[in-house]
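Residue numbers start from 1 in every chain, and the chains themselves are labelled A, B, ... in the order their sequence lines are given, proteins ahead of strands. In this text, all values refer to a predicted model and were calculated from it rather than measured experimentally.
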Amino acid sequence: MITARSAGYGAGTGLAGDNGAMTSVNEEVAALLREYAELLGLTGGDLFRVRSYEKAAKAVGGYPDDLGALPESALTKVPGVGKSVAAKIAEYRRTGTIKAVDDLRAKVPPGALVLAKVPGVGPRRALQIAGELGVTRVDELAEAVQSGRLRGMAGFGPKAEERILRGIAVADSDTALRDALRALARDATVDDIGAVLAAHVTVAGGDAAKHGTAAGEALIRIADIRGDLHTHTDLTDGIVSLEGMIAAAEARGYAYYAVTDHAPNLVMQRMTSEKMLAQRDQLRALADTTGMVLLHGSELNIAADGSVDWDEDFLSGFDICVASIHSSFEQDRATMTKRFIAAVENPAVNIIGHPLTRKVGRRPPVDVDLDALYAACARTGTALEVNASPDRMDLPPEHIAAARRAGVRFAIDTDAHSLVDLTNLRFGIAAARFGGLTPADVINAWPLGELLEFLRKGRPPR
DNA sequence: GCCGTTTTCGGCCCGACTGTTTTCAGTCG
């Protein structure tokens with residue numbers, strides 16, 4: 001049977017692919033739907049249709065129950081799954097393949113799908129490279145760049161070459177960690193994940209196993225976490241409703257829970273002030289239905305100059321704000337450091353989300369003066385996030401101990417976009433333990449009162 | 001292709017940035 005794994009993914013530097021332990025129907029179907037979306041994009045399919053499959057892939061991958069066991073008639077109950085996708089899922093359950101995917105694979109030059117995932121190479125250029133140069137693997141692409149074979153091709157200049165080589169280098173350097181994380185069983189424990197980090201994460205000038213913690217301190221555990229402070233709903237790019245996320249959080253036993261959907265400057269999310277206020281009303285109305293304390297927040301965008309989406313007045317209406325970089329990743333260190341510090345000094349900003357914006361195997365960390373960032377966070381009472389997504393691992397585990405020594409506090413958050421994502425907390429806990437964090441270091445391990453005090457950043461109570 | 005309907009078709013993930021152009025195509029979040 002042809003699965004995403006056997007379709008040429010995972011070859012070469014591992015830029016693309018799912019060569020880890022793909023054990024569930026949900027994950028296998030999600031991979032095939034994602035591939036189908038990519039193939040549709042590559043072959044010039046309707047962009048809305050492409051997005052439908054992307055969304056369906058997310059919905060299937062983030063669905064908490066086993067799709068292999070769901071009655072066929074219930075498949076369309078999964079949000080984002082309509083008649084067409086349901087039929088493909090059913091076909092996969094019967095035959096182990098999806099014919100439409102196989103058919104499209106045959107229409108795309110070999111390798112184009114893999115090349116399209118190299119940073120700086122999109123679908124158009126992947127087709128161009130595969131078609132004109134016959135390049136089918138990432139290592140061949142690197143070789144082609146180095147030997148000057150991209151020179152003279154329309155649309156490629158020295159900067160593009162540089163960017164491609166950089167992207168390949170990131171993939172190479174992260175391959176072992178990424179593959180080890182993906183190879184983990186679905187129910188991997190904190191200790192399992194910790195073993196992967198111990199094996200694959202290098203700390204500059206230190207013993208990774210015990211560089212953070214003083215003797216006698218108890219390292220943080222999953223059970224210490226009292227709430228998630230960075231989560232999304234289907235108001236932006238999450239796939240689950242506000243009610244659905246809250247119910248799942250409550251089932252995890254949290255005492256508090258923050259909803260932090262994207263802010264307007266991430267234009268594609270189409271957020272508006274009105275939508276945000278309406279969500280706030282909706283969330284306040286749900287307060288009586290849950291034993292948790294609900295916090296209304298947003299994931300703000302740190303613009304190139306360090307400013308964020310709303311003015312002081314509007315921002316003061318939030319209970320909590322995460323602020324993250326989603327653009328201009330390649331600023332020089334001085335500019336980037338100034339940018340971070342401006343955000344950290346903003347009285348409304350409580351947590352810097354996925355601080356270095358790295359994606360394992362996909363995007364390098366930004367260039368920032370870490371010591372200056374840590375000092376500013378410690379001074380202003382701004383937490384750094386330990387983003388628990390295994391695709392991010394950010395703040396990278398190797399930096400956590402140093403940040404702790406500088407007096408930084410942390411928030412271990414899932415950045416959940418689905419119900420399944422909420423279970424990623426264990427990756428963040430493993431990273432935190434790797435860095436020697438104790439409950440005292442982690443604001444979402446604190447009782448509500450202490451958390452709220454931290455969130456005020458020294459401002460008078462509202 | 002999915003969704004939500006004024007229930008059968010229109011809306012949906014837009015626009016900044018970059019490098020390569022000579023007026024814009026491709027990529028990205």
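Glycosidic torsion of B:dT8 falls within 90° of 0, placing the base in syn.
Spacing between B:dT22 and B:dG26 at atom P, rounded to whole Å, works out to 14 Å. The same atom, P, is picked in B:dC13 and in B:dT5; the two are 16 Å apart, to the nearest Å. B:dC9 and B:dG19: their C1' atoms are spaced 41 Å apart (whole Å). Between B:dT18 and B:dC12, the two P atoms lie 28 Å apart (nearest whole Å). Taking atom C1' on both B:dT7 and B:dC14, the two are 29 Å apart, rounded to the nearest angstrom. Taking atom C1' in both B:dG11 and B:dT6, one finds a spacing of 14 Å when rounded to whole Å.
The side chain of A:R363 places no N or O atom within less than 4.0 Å of a non-bridging phosphate oxygen (OP1 or OP2) of B:dC28. OP1 or OP2 of B:dC12 has at least one side-chain nitrogen or oxygen of A:R270 nearer than 4.0 Å.
For the pair A:L33 and A:V29, the minimum side-chain heavy-atom distance is below 4.5 Å.
Remark: A:R166 engages A:E330 in a salt bridge, criterion side-chain N to carboxylate O under 4.0 Å. Salt-bridge formation is detected for the pair A:D102/A:R105: a Lys NZ or Arg NE/NH1/NH2 atom is positioned less than 4.0 Å from an Asp or Glu carboxylate oxygen.
Along DNA chain B, the nucleotide closest to A:S52 and the one closest to A:A116 are compared, and the more 5′ of them pairs with A:S52. Nearer the 5' end of DNA chain B, as judged by each residue's closest nucleotide, is the contact made by A:Q269, out of A:H326 and A:Q269.
In this model, a donor atom of one side chain and an acceptor atom of the other lie less than 3.5 Å apart for A:D309 and A:N301. Using modelled atom types and a 3.5 Å distance limit, the side chains of A:K83 and A:T76 yield no donor-acceptor pair.
Within the shown strands, nothing qualifies as a pairing partner of B:dT8 under the Watson-Crick or G-U definition with both distances less than 3.5 Å.
Residue A:K55 is out of contact with every strand shown, counting any heavy-atom pair closer than 4.0 Å. Using a 4.0 Å heavy-atom criterion, one finds that A:V50 contacts no nucleic acid atom at all.
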